[in-house]
2 protein chains.
Amino acid sequence: MNTLAEENYLKSIFHLSDAEESVSTNQLATLLNTKASSVTDMLKKLADKALINYTPYQGVRLTLSGEKIALNIIRKHRLWEYFLVEKLNFKWDQVHEMAEEMEHISSNELINRLDKFMGYPKFDPHGDPIPDINGQINHHNLKLVSAIEVNDSGTISGVKNHSPNFLQYLEKQTLTIGKIISVIEIIPFDQSMILQTENKEVHISSEVANNLLIAL
Amino acid sequence: MNTLAEENYLKSIFHLSDAEESVSTNQLATLLNTKASSVTDMLKKLADKALINYTPYQGVRLTLSGEKIALNIIRKHRLWEYFLVEKLNFKWDQVHEMAEEMEHISSNELINRLDKFMGYPKFDPHGDPIPDINGQINHHNLKLVSAIEVNDSGTISGVKNHSPNFLQYLEKQTLTIGKIISVIEIIPFDQSMILQTENKEVHISSEVANNLLIAL
DNA sequence: TAAAAAATTTAGATAAGTCTAAAAAATATA
DNA sequence: TATATTTTTTAGACTTATCTAAATTTTTTA
Ligand SMILES: [Mn+2]
Ligand SMILES: [Mn+2]
Ligand SMILES: [Mn+2]
Ligand SMILES: [Mn+2]
């Protein structure tokens, strides 16, 4: 199988990938908190294993088999996060680091039984979709709160930033997954927003609005 | 903290330790499926970290802090095995390899919550006692089935061998943890034994009797 | 479009954990 | 108790994943 380091690279390439551009060495170095030269070494290894398409200086894309592995790791990560929150009563800001370790437990039989045990959840505690056993993801159409307008309302459904600091702040403002909000006012000076939540008015900065996802 | 390899060495030293003798390099090499020279290297490292007392050529013993770490890993191993059997419905012969990986998940908060979630079980699926949060073990007094006599009876409470082959055999003979048996006859020629189980008579070899533990 | 800047790769080192082969120490045996 | 055998350690090498510094390629900018 693949080493822990290889799995982390594949997952990071997946997260950085989009339809247009390929993923650069520096993007990976930043995300993985390592040096560009280390990334280059690993890219050669992953290319040898046919998990990525890599042309020196041209960045990298996952092959189909690389993407399959990445999706399986993300599936494991999100199912373990769900387990930690729903079964062991952790808060949503406490589970990411643990899941970073647990996602590398190799048994697929284990993860499939865990999935069943929890009733096949579709989203993790941060609103991210959980890939099913075949790697299928249930995308839903989310917008950044910063991109909606006064009087628009909807359900908070995801976060772009997963840092404990941010998640704890949202918790305090009752801006958590599933909560319904509407936009009362947008301050032109700094693009900060005044929101109506289920129980109070909340004033959020544009940075916060830029990292919060909503289903209209 | 400690690496995965260090944790596995500490656990193995613990399992091989007894009151009298210290653990030898070769014993460790055999159990860990590695070479004696590799063991020597690691023993130096663990001694530098004050986790073992090591004198070249004289074998090794855990220090108090080494033992604490070993017991914590064993606690994790056995709690995860319990989880896999009781919550995810694995059989007792399927869980050891998975637990070998899961015992290295670092969070103690996680394992303590898992313990609570499962109702603080005292024994793992193989009858082995689960150390509590302070490393205390609930020893109970078990005898090898090979050491008891005709007409003795008791409850099957543990196994010395954990191989899937052996466990599957026991399952087939309904010689599983908690079952009550009594000795009908011991064949002098080969020390094999005829046992009365709850629903049938079973004839077991002396090898089997030597790996099965009973509470009288 | 040539020079400067930025991004990426190569070269050479290092640390952890393993190995084989050889040397040294401990133990068994005659 | 000397010699043979077994056990253990040492020496030197290899692999994985990382690093720094230097070289190379690409991109930007004047
Ligand atoms: Mn996460
Ligand atoms: Mn998540
Ligand atoms: Mn086990
Ligand atoms: Mn067990």
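Numbers restart at 1 for each chain; the letters A, B, ... are given by sequence-line order, proteins then strands.
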message: Below the 4.0 Å mark, does C:dT9 have OP1 or OP2 next to a side-chain nitrogen or oxygen of A:Y54?
response: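 Checking A:Y54 against C:dT9: at least one side-chain N or O falls below 4.0 Å of OP1 or OP2.
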- prompt: Given C:dC19, is OP1 or OP2 found less than 4.0 Å from the side-chain N or O atoms of B:T34?
  reply: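 Answer yes for this pair, as a side-chain N or O of B:T34 is under 4.0 Å from OP1 or OP2.
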Taking the side chain of [X] as heavy atoms from C-beta outward, which of [options] is closest to it?
X     : options                : answer
A:M42 : D:dT9, D:dT18, C:dT18  : D:dT18
B:S38 : C:dT9, D:dT9, C:dT18   : C:dT18
A:Y9  : C:dT20, D:dT18, C:dT18 : D:dT18
A:K35 : D:dT20, C:dT9, C:dT18  : D:dT20

- request: Would you state whether a donor and an acceptor, one from the side chain of B:S37 and one from the base of C:dT20, lie under 3.5 Å apart?
  value: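 By the distance-only test, yes, there is a pair.
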Spacing between [X] atom [atom1] and [N] atom [atom2], to the nearest angstrom:
X     : N      : atom1 : atom2 : value
B:L43 : C:dA16 : CG    : C1'   : 15 Å
B:D41 : D:dG12 : CG    : P     : 14 Å
B:Y57 : D:dT8  : OH    : P     : 10 Å
A:N2  : D:dT16 : CG    : P     : 13 Å

task: Under 4.0 Å between any heavy atoms, over every strand shown, what does B:A5 touch: base, sugar-phosphate, or nothing? Just pick one.
output: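 If one applies the 4.0 Å heavy-atom cut-off, B:A5 turns out to touch the sugar-phosphate alone, with no base involved.
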field: Side-chain heavy-atom pair A:K11, A:E100 within 4.5 angstrom cut-off
entry: yes
query: Side chains of B:L114 and B:I111: does their closest heavy-atom pair fall under 4.5 Å?
result: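 Side-chain contact under 4.5 Å: yes.
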message: Determine whether B:N112 and B:R75 satisfy the following criterion, side-chain hydrogen bond (donor to acceptor under 3.5 Å, both in side chains), listing intermediate values before the conclusion.
response: CA-CA 10 Å; B:N112 295 338; B:R75 169 172 160 80; 2.7 Å; yes
- prompt: Any ion pair linking B:K143 and B:E149 (charged N to carboxylate O, less than 4.0 Å)?
  reply: no
Pairing of A:R113 and A:E109 as salt bridge, 4.0 angstrom limit: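 A salt bridge is present here (some side-chain N lies under 4.0 Å from a carboxylate O).
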query: Applying ring pair (Phe, Tyr, Trp, His ring centres under 6.0 Å), which residue pairs with at least one partner in residues 101-136 of chain A are found, sequence neighbours left out?
result: A:F123-A:H140, A:H126-A:H162
query: Is atom CG of B:D18 surrounded by more than 12 heavy atoms (other residues, nucleotides or ligands) closer than 6.0 Å?
result: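 Yes, enclosed.
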Interface residues of residues 13-27 of chain B with DNA chain D (non-hydrogen, below 4.0 angstrom): B:S24, B:T25, B:N26
message: Let me check I have this right: for DNA chain D, each base becomes ., (, ), [, ] or |, based on Watson-Crick or G-U pairs with both distances under 3.5 Å. What is the full string?
response: ||||||||||||||||||||||||||||||
- prompt: 5'-most contact on DNA chain D: A:T3 or A:Q58, nearest heavy atom basis?
  reply: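 It is A:T3, whose closest nucleotide lies nearer the 5' terminus.
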field: Polar side chain donor-acceptor pair, B:S163 to B:N161, under 3.5 angstrom
entry: yes
- request: Decide yes or no on side-chain hydrogen bond (donor to acceptor under 3.5 Å, both in side chains) for B:W92 and B:E171, but give the supporting numbers first.
  value: CA-CA 9 Å; B:W92 72 337; B:E171 184 99 39; 3.1 Å; yes
query: Given that A:K44 and B:L4 both sit by DNA chain C, which one's nearest nucleotide is further toward the 5' end?
result: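 The answer here is A:K44.
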